[in-house]
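I have placed the structure first, in the form of structure tokens, so that the comments after it can refer back to it.
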Amino acid sequence: DQQVKQNSPSLSVQEGRISILNCDYTNSMFDYFLWYKKYPAEGPTFLISISSIKDKNEDGRFTVFLNKSAKHLSLHIVPSQPGDSAVYFCNAGGTSYGKLTFGQGTILTVHP
Amino acid sequence: DGGITQSPKYLFRKEGQNVTLSCEQNLNHDAMYWYRQDPGQGLRLIYYSQIVNDFQKGDIAEGYSVSREKKESFPLTVTSAQKNPTAFYLCASRPGADLSGELFFGEGSRLTVL
């Protein structure tokens with residue numbers, strides 16, 4: 001049972017344009033969500049998070065939007081840069097338990 | 001510097017052998033996690049531990065075992081019962097008290113079964 005899904009395996013974007021990565025979840029117990037960025041042969045690094053009491057969180061070029069009724073979140077990167085090319089993972093958890101579930105990841109490629 | 005250290009970085013194993021992957025953290029974190037990454041599968045949770053001497057199975061625990069005898073250490077043993085052990089293994093930790101906190105990851109260990 002895949003509780004966190006990233007349905008787009010890959011995304012290709014031109015430098016300077018917006019990148020939108022999507023994530024859907026099924027467990028209504030999830031009340032906080034995180035995005036991680038991963039380069040090959042390295043561990044993921046934390047990018048941005050949002051709790052269920054908010055519908056938007058912004059950090060520089062990165063913005064995460066949460067739609068609780070649709071159980072959907074998205075990561076917007078504006079403007080996209082070639083250095084943003086990596087695998088992006090959506091991560092969901094609940095403050096009532098310690099298990100953390102990841103989506104399958106989306107490979108973002110930003111072309112110069 | 002504080003962080004998570006995984007070793008070895010690369011490991012080769014013959015079929016039928018058990019191997020143990022090391023994970024050590026000096027961040028004073030209570031919670032530790034083991035994930036496995038396969039192409040197209042994302043990060044799948046093997047085991048996690050929220051406190052010393054306690055751990056829970058994740059989504060794909062079969063063929064794996066762990067121990068948490070010390071706060072800073074969470075070794076993972078890949079047993080011969082694991083049918084497809086070739087993968088990239090990631091250890092992570094976070095402060096246990098804050099269940100909304102981010103995970104801190106190690107650099108990973110790549111296991112190849114020959």
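What you see below is based on every heavy atom in this structure, not just the backbone, and it leaves out hydrogens, waters and symmetry mates. Within every chain, numbering begins at 1; the chains are lettered A, B, ... in the order of the sequence lines, protein sequences first and strands thereafter.
Heavy atoms of other residues, nucleotides or ligands lying less than 6.0 angstrom from NZ of B:K57 number 12 at most. A 6.0 Å sphere centred on CD1 of B:I51 holds no more than 12 heavy atoms belonging to other residues, nucleotides or ligands. Taking a 6.0 Å sphere around NZ of A:K68, one finds it holds more than 12 heavy atoms contributed by other residues, nucleotides or ligands. A 6.0 Å sphere centred on CZ of A:R17 holds no more than 12 heavy atoms belonging to other residues, nucleotides or ligands.
In terms of heavy-atom proximity, B:L90 sits nearest to A:G43 at CD2-CA, 3.6 Å. Of all heavy-atom pairs spanning A:L34 and B:G101, the tightest one is CD2-O, 4.2 Å. Nearest heavy atom pair, residue B:F88 against residue A:E42, reads CE2-O, 3.8 Å. B:Q37 and A:F89 make their closest contact through NE2-CZ, 3.7 Å (heavy atoms, listed as atom of the first residue, atom of the second, distance). Between A:Y32 and B:R94, the shortest heavy-atom contact is OH-NH1, 2.6 Å.
When each of A:P44, A:S51, A:G103, A:G105 is scored by its heavy-atom pairs under 4.5 Å with chain B, the top score falls to A:P44.
Rounding to the nearest 0.5 angstrom, the gap separating the CZ atom in B:F105 from the OG1 atom in A:T45 is 9.5 Å. The distance from the CD atom of A:Q104 to the CG atom of B:L43 is 10.5 Å, given to the nearest 0.5 Å.
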Worked check of side chain to side chain contact (heavy atoms under 4.5 Å, CB included) between B:D59 and A:F102
CA-CA 11 Å; B:D59 299 315; A:F102 280 86; over 6 Å; no
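Hydrophobic clustering (side-chain heavy atoms under 4.5 Å, transitive across Ile, Leu, Val, Met, Phe, Trp, Tyr) groups A:Y88 together with A:L11. B:V66 and B:V52 fall into different hydrophobic clusters, where Ile, Leu, Val, Met, Phe, Trp and Tyr side chains are chained together by heavy-atom contacts under 4.5 Å. By the criterion of side-chain heavy atoms lying less than 4.5 angstrom apart, applied directly or through intervening Ile, Leu, Val, Met, Phe, Trp or Tyr residues, A:V4 is grouped together with A:F33 in one hydrophobic cluster. Neither B:Y89 nor B:I4 shares a network with the other; the hydrophobic side chains, linked directly or stepwise wherever heavy atoms of I, L, V, M, F, W or Y lie under 4.5 Å apart, form separate groups for each. Follow the hydrophobic side-chain contacts under 4.5 Å out from B:Y33 and you never reach B:F55; the two are in separate clusters.
Looking only at side-chain heavy atoms (C-beta outward), A:T101 and B:L45 stay at 4.5 Å or farther from each other.
Neither the backbone nor the side chain of A:P9 comes within contact range of chain B; no heavy atom of the residue lies under 4.5 Å from a heavy atom of that chain. Contact of B:L103 with chain A is made through backbone and side chain together, with heavy-atom distances under 4.5 Å.
For A:F46 and B:F104, the ring centers are positioned 6.0 Å apart or more.
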